[in-house]
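Have a look at the structure below before the remarks.
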Amino acid sequence: MYESNSSVTGSITLPTTPIKIDTSRAYQRIRGFGFSLTGGSALLLSRLESALRKNLLRELFSPEGIGTSCLRLTIGASDLSPYAFSYDDLPADSRDPNLDRFDLFAGDPDLVPVVQEIVKINPDLFIMASPWSAPPWMKTNNSFIGGELKPECHDVYARYFVRYLDAMRARGINIRAVTVQNEPGNDKNEPSMVMGAEQMADFIGQFLGPALRQARLETAIYCHDHNCDRPDYPLAVLADPSANHYTSGTAFHLYAGDISALTQVHERHPDKSCLFTEQWVSAHDSFEGALMWHSERVLVGALRNWAEIVLEWNLASDPTCCPHTPGGEKNCLGGLTLDGQTVTRNVAYYLIAHTAKFIPPGSLRVESDRDTALPNAAFLTPDGRIVVIAVNTDDTPRRLTLSDAVRGSAPCPVDLPAKSLATCVWKLPPGSALR
């Protein structure tokens with residue numbers, strides 16, 4: 001239970017919520033926060049005037065801006081590309097076992113140049129990538145929608161990953177991690193591909209893992225990349241000894257299930273990482289409603305359940321939530337709305353700004369009160385600051401006080417407006433930096 005006192009500001013009495021922190025009790029090390037850069041996002045960014053795009057990218061990815069530290073790319077098209085494609089598309093009944101037709105610029109031609117601009121701004125950016133579908137000729141239904149990877153194509157598909165990673169690296173883009181399949185239980189999206197846990201385990205353990213090792217690629221592999229209602233899926237993959245050997249951890253979304261699924265998997269496999277890789281904001285959501293839901297469940301929820309990375313979904317869309325494939329999601333609001341040369345910052349932008357700006361890679365999540373009126377998560381940064389993100393979901397303002405088990409009380413309280421997200425930074429004395 002939380003303690004509740006009263007504080008008076010002028011003529012208004014605010015309920016006070018103390019949050020106690022214990023920096024001696026540490027949990028996961030944070031890798032960062034960010035978005036997915038879809039082909040549609042890159043297309044819209046490429047249409048900005050050069051000076052505007054440069055300034056916007058610096059705002060997004062430099063420490064002087066909001067400090068976005070992670071980016072998720074799509075291997076081939078996502079449903080927020082203008083159309084479905086892979087990097088090796090062929091006529092029906094054709095095959096390319098040697099990947100002679102592989103073409104990194106087969107679709108989304110603006111993606112690589114935009115990423116190259118971003119990497120110049122932030123060379124330390126953690127970049128991961130996920131496929132929505134294998135090339136249709138590798139699938140059981142020869143389609144971009146649904147279908148499964150043919151067992152006889154496991155080897156060539158693993159080499160397809162290697163070809164992609166090598167092609168990106170040749171252009172100065174280091175992909176640090178991949179997930180095997182975006183939403184492997186979703187057969188409706190365009191593009192999409194179904195992959196059961198047994199098949200994913202076999203693909204990782206017998207094909208993808210060995211292929212990356214043979215190519216001397218240090219790219220990490222993450223399984224699942226789907227909702228929190230199926231913790232049994234990553235547990236089944238990680239139960240396979242060969243897959244476990246090559247798998248660095250599990251990626252999650254929260255379109256179904258409870259965020260505590262991350263902890264369920266962590267407790268069974270504490271040596272593996274948990275990532276939160278996607279959650280979209282609907283164009284039909286109110287700003288306030290989306291801010292509260294994502295703040296409490298995605299930011300605080302994922303971080304308190306061992307997530308090392310937290311990503312919102314699409315970086316940018318136009319005023320009609322385009323582009324998207326004909327069968328793709330039609331109501332996905334980007335972190336930015338780009339209307340010609342006009343930039344509007346939306347809910348996801350502020351969610352990531354509240355975290356990436358103040359919680360750099362290498363920070364440690366530390367113990368903080370869970371049973372309070374303010375959902376929260378606390379961190380100790382490499383330069384020796386305590387950072388607390390706190391959410392006031394109430395319809396009235398609330399006062400927050402902070403104290404640390406070692407250092408005593410923070411110098412001043414913080415007043416949170418109703419329905420608000422706050423980031424509190426507590427500068428500690430010299431010598432408090434992480435070692």
Side-chain angles (χ1 to χ4, degrees), residues 27-29 31 72 75 97 126 128-134 138-140 147-166 175-187 193-253 257-278 302 305-309:
Y27 298 94
Q28 78 271 28
R29 192 172 294 275
R31 299 195 207 179
R72 183 183 181 216
I75 302 176
F126 185 99
M128 63 184 303
S130 308
W132 266 237
S133 174
M138 299 186 192
K139 298 171 64 178
T140 54
E148 300 179 14
L149 182 66
K150 296 177 181 177
E152 62 268 27
C153 289
H154 281 195
D155 175 68
V156 68
Y157 192 43
R159 289 186 283 111
Y160 177 89
F161 273 80
V162 171
R163 186 69 65 90
Y164 166 76
L165 296 169
D166 281 341
I175 307 297
R176 304 267 293 277
V178 294
T179 65
V180 178
Q181 172 61 41
N182 175 72
E183 299 187 349
N186 182 351
D187 64 349
M193 186 171 75
V194 176
M195 183 177 283
E198 183 178 353
Q199 185 177 29
M200 185 174 287
D202 181 66
F203 179 65
I204 294 171
Q206 304 304 320
F207 298 93
L208 182 59
L212 296 185
R213 174 171 291 183
Q214 183 176 2
R216 298 183 179 179
L217 292 168
E218 297 181 355
T219 309
I221 300 171
Y222 288 85
C223 69
H224 192 42
D225 208 6
H226 207 175
N227 288 327
C228 290
D229 62 338
R230 291 295 308 275
D232 60 302
Y233 188 110
L235 290 174
V237 174
L238 294 173
D240 180 282
S242 295
N244 185 295
H245 176 72
Y246 291 109
T247 303
S248 294
T250 304
F252 291 90
H253 307 174
D258 189 89
I259 196 67
S260 61
L262 279 69
T263 292
Q264 291 182 49
V265 175
H266 169 80
E267 288 177 345
R268 293 278 294 275
H269 296 278
D271 59 324
K272 304 296 183 183
S273 298
C274 290
L275 312 182
F276 189 91
T277 49
E278 180 184 319
N305 284 278
W306 297 95
E308 299 176 7
I309 287 173

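Numbers here simply count residues along the sequence, with the first being 1. The figures here come from the full heavy-atom set of this structure, side chains too, leaving out hydrogens, waters and symmetry mates. In this text the structure is predicted, and so the values were computed from the model without any measurement.
- Side chains of Phe276 and Ile259 form a contact here, defined as non-hydrogen atoms less than 4.5 Å apart.
- Minimum interatomic distance between Ala201 and Ala243 (heavy atoms only, all atoms of both residues): O-CB, 3.5 Å.
- With no hydrogens or angles considered, a side-chain donor-acceptor pair links Glu183 and His253 at under 3.5 Å.
- Here the straight-line distance linking atom CZ of Phe203 with atom OG of Ser242 works out to 14.5 Å at 0.5 Å rounding.
- Here the shortest heavy-atom pairing between Phe126 and Ile309 reads CE2-CD1, 3.6 Å.
- The shortest distance between side-chain heavy atoms of Asp225 and Gln181 does not fall below 4.5 Å.
- Considering every non-hydrogen atom in both Met193 and Leu149, the closest pair reads SD-N, 3.9 Å.
- In this structure, Asp229 contributes its side chain and Gly257 its backbone to no donor-acceptor pair below 3.5 Å.
- For the atom pair OH (Tyr222) and OG1 (Thr179), the distance works out to 11.0 Å, reported to the nearest 0.5 Å.
- Within 6.0 Å of CD on Glu152 lie more than 12 heavy atoms contributed by other residues, nucleotides or ligands.
- Side-chain contact check for Ile175 versus Tyr164: some heavy-atom pair is nearer than 4.5 Å.
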>> Apply side chain to side chain contact (heavy atoms under 4.5 Å, CB included) to residues Ile204 and Cys223 and explain how you reach the verdict.
In response: CA-CA 9 Å; Ile204 294 171; Cys223 69; 4.2 Å; yes
>> Evaluate Leu275 against Met128 for side chain to side chain contact (heavy atoms under 4.5 Å, CB included), listing each step before the verdict.
In response: CA-CA 11 Å; Leu275 312 182; Met128 63 184 303; 4.1 Å; yes
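- For the side-chain hydrogen bond (donor to acceptor under 3.5 Å, both in side chains) test with Ser273, the passing option among Arg31, Arg29, Gln28 is Arg31; the others fail.
- Taken to the nearest 0.5 Å, the CG atom of Asn182 stands 10.5 Å off from the CD1 atom of Ile75.
- Counting only heavy atoms from C-beta outward, the side chains of Pro234 and Lys272 never approach each other to under 4.5 Å.
- Two residues are said to be in side-chain contact when any heavy atoms from C-beta on lie closer than 4.5 Å; Lys150 and Met138 fail this criterion.
- Closest non-hydrogen pair, Leu212 versus Thr219, comes out as CD1-O, 3.7 Å.
- The minimum heavy-atom distance between Arg72 and Ser130, with the atom names listed, is NE-OG, 3.0 Å.
- Ring pair Tyr157/Phe161: centre-to-centre distance below 6.0 Å.
- Within the 4.5 Å cutoff, no side-chain heavy atoms of Tyr233 are placed close to those of Thr250.
- Separation of atoms CE (Met195) and NE2 (His226) is listed at 13.5 Å; rounding is to 0.5 Å.
- With rounding to the nearest 0.5 angstrom, the CD atom of Gln264 is 10.5 Å from the SG atom of Cys274.
- For the pair Asp166/Leu217, a side-chain contact is recorded, criterion being any heavy-atom separation below 4.5 Å from C-beta on.
- For the pair Val237/Val180, no side-chain contact is recorded, criterion being any heavy-atom separation below 4.5 Å from C-beta on.
- Using bins of under 30°, 30° to 60° and over 60° for the plane-to-plane angle, the ring pair His224/Phe252 lands in the perpendicular bin.
- One distance of note links CG of Leu262 with CH2 of Trp306; it measures 11.5 Å at 0.5 Å rounding.
- The closest side-chain donor-acceptor pair between Asn305 and Ser260, if any, does not fall under 3.5 angstrom.
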